[in-house]
Amino acid sequence: MKVVAGLGNPGARYAETRHNVGFATVDLLARRWGVRFGRGKCQAALCQRLVDGEQVILAKPRTFMNRSGVAVGCLLRLYSVAPSELIVIHDDLDLPLGRVRVKVGGASGGHRGLESVIEEIADSGFVRVRIGIGRPPAGVDPASYVLEPFLDDEREAVQGSVTRAADAVESVLAQGVERTLNVFNART
């Protein structure tokens with residue numbers, strides 16, 4: 001069994017913000033797979049599907065971003081899923097807008113949602129699908145920037161990156177992490 005957690009903030013106020021590209025990606029996966037999110041467990045909206053013979057849980061934590069680990073940790077314990085079977089999808093200020101990268105392990109890079117997950121599961125060896133949102137303009141606080149909606153001229157790039165992030169998750173599930181790293185990290 002695998003858990004695919006898209007990170008974001010719950011509620012309509014945050015739905016279109018930069019911080020919620022993780023939610024947008026698991027929403028796209030759910031549409032592709034023909035499943036719908038329900039209330040779920042562990043403070044997360046959940047849906048499940050069998051993918052290549054393996055049960056996959058899509059999760060959207062209903063905690064705020066900085067407490068994402070509460071929901072993710074609970075799910076791993078509830079379903080007896082090892083951290084190595086976790087895929088976390090999140091926004092990344094350090095990647096240019098529209099860029100998608102896959103990574104295994106490492107530090108949080110200052111991302112509070114990742115920090116929460118790492119703290120809660122006491123392990124950083126999970127797969128991350130990073131979606132670039134770019135750096136804020138000079139003088140704009142990054143904490144405010146991530147809670148802003150995308151500009152109209154950024155929407156096409158964002159949609160493309162959400163699609164590529166969903167493709168990357170499906171690649172990890174079907175072909176494994178190493179092949180996915182070679183394919184998705186080689187793209188410009």
Side-chain angles (χ1 to χ4, degrees), residues 1-10 19-30 33 35 37-95 100-132 146 162 164-185:
M1 178 176 281
K2 292 201 184 308
V3 172
V4 178
L7 301 189
N9 284 311
H19 234 3
N20 276 35
V21 292
F23 276 10
T25 304
V26 292
D27 285 340
L28 176 57
L29 287 166
W33 299 352
V35 294
F37 282 95
R39 281 190 73 112
K41 301 173 182 173
C42 293
Q43 299 182 64
L46 303 176
C47 56
Q48 297 184 47
R49 180 158 190 258
L50 203 58
V51 178
D52 293 329
E54 183 170 39
Q55 195 67 21
V56 177
I57 297 170
L58 295 178
K60 293 194 297 185
R62 288 320 208 185
T63 56
F64 282 94
M65 177 67 81
N66 297 356
R67 299 196 65 234
S68 297
V70 172
V72 172
C74 178
L75 289 169
L76 295 189
R77 289 186 298 275
L78 178 67
Y79 292 105
S80 299
V81 174
S84 60
E85 302 301 312
L86 170 65
I87 302 170
V88 173
I89 308 161
H90 65 91
D91 60 295
D92 194 316
L93 286 166
D94 292 325
L95 286 176
V100 173
R101 290 291 180 262
V102 179
K103 177 181 178 178
V104 179
S108 69
H111 191 287
R112 299 263 172 94
L114 282 179
E115 284 176 14
S116 176
V117 171
I118 292 167
E119 275 182 28
E120 186 69 28
I121 67 173
D123 194 319
S124 65
F126 52 90
V127 175
R128 299 113 189 262
V129 177
R130 303 163 49 218
I131 302 172
V146 298
V162 166
R164 283 190 304 283
D167 293 345
V169 169
E170 291 182 323
S171 176
V172 169
L173 296 173
Q175 300 175 13
V177 175
E178 289 304 317
R179 176 139 170 79
T180 302
L181 288 168
N182 292 332
V183 171
F184 281 84
N185 292 357

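The first residue of the sequence shown is numbered 1, and numbering continues consecutively from there.
For R67, the CZ atom is loosely surrounded, since the number of other residues' heavy atoms within 6.0 Å does not exceed 12. Within a 6.0 Å radius of NZ in K41, no more than 12 heavy atoms belonging to other residues, nucleotides or ligands are found.
Summarising the geometry of V72 relative to P61, their closest heavy-atom pair is CG2-CG, 4.3 Å, with the distance given to 0.1 Å. Closest approach of T63 to P10, counting heavy atoms only: O-CD, 3.3 Å. Nearest heavy-atom pair, H111 versus M65, reported as atom, atom and distance to 0.1 Å: CE1-SD, 3.6 Å. When all heavy atoms are compared, the tightest approach of A166 to T25 is N-CG2, 3.6 Å. Of all non-hydrogen atoms in V4 and I89, the two that sit nearest each other are CG1-CD1, 3.7 Å. When all heavy atoms of L46 and A59 are compared, the pair lying nearest together is CD2-CB, 3.6 Å.
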Can you list the steps and then say if D27 with K60 is a salt bridge (Lys or Arg N to Asp or Glu O under 4.0 Å)? CA-CA 9 Å; D27 285 340; K60 293 194 297 185; 2.7 Å; yes
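Relative to the six-membered ring of Y79, R77 misses at least one condition, a distance below 6.0 Å or an angle of at most 45° to the axis.
A donor-acceptor pair under 3.5 Å links the side-chain atoms of T180 to the main chain of V172, judged by distance alone.
Between K2 atom NZ and E54 atom CD the span is 4.5 Å, to the nearest 0.5 Å. Taken from CD1 in I118 to CG in D123, the straight-line distance is 9.0 Å, to the nearest 0.5 Å.
Each of I131, L7, V146 was compared with D91 under the side-chain contact (heavy atoms from CB on, under 4.5 Å) criterion, and only V146 meets it.
The side chain to side chain donor-acceptor pair (under 3.5 Å) search around S124 returns none, not counting sequence neighbours. Residues meeting the side chain to side chain donor-acceptor pair (under 3.5 Å) test with N20, sequence neighbours left out: none.
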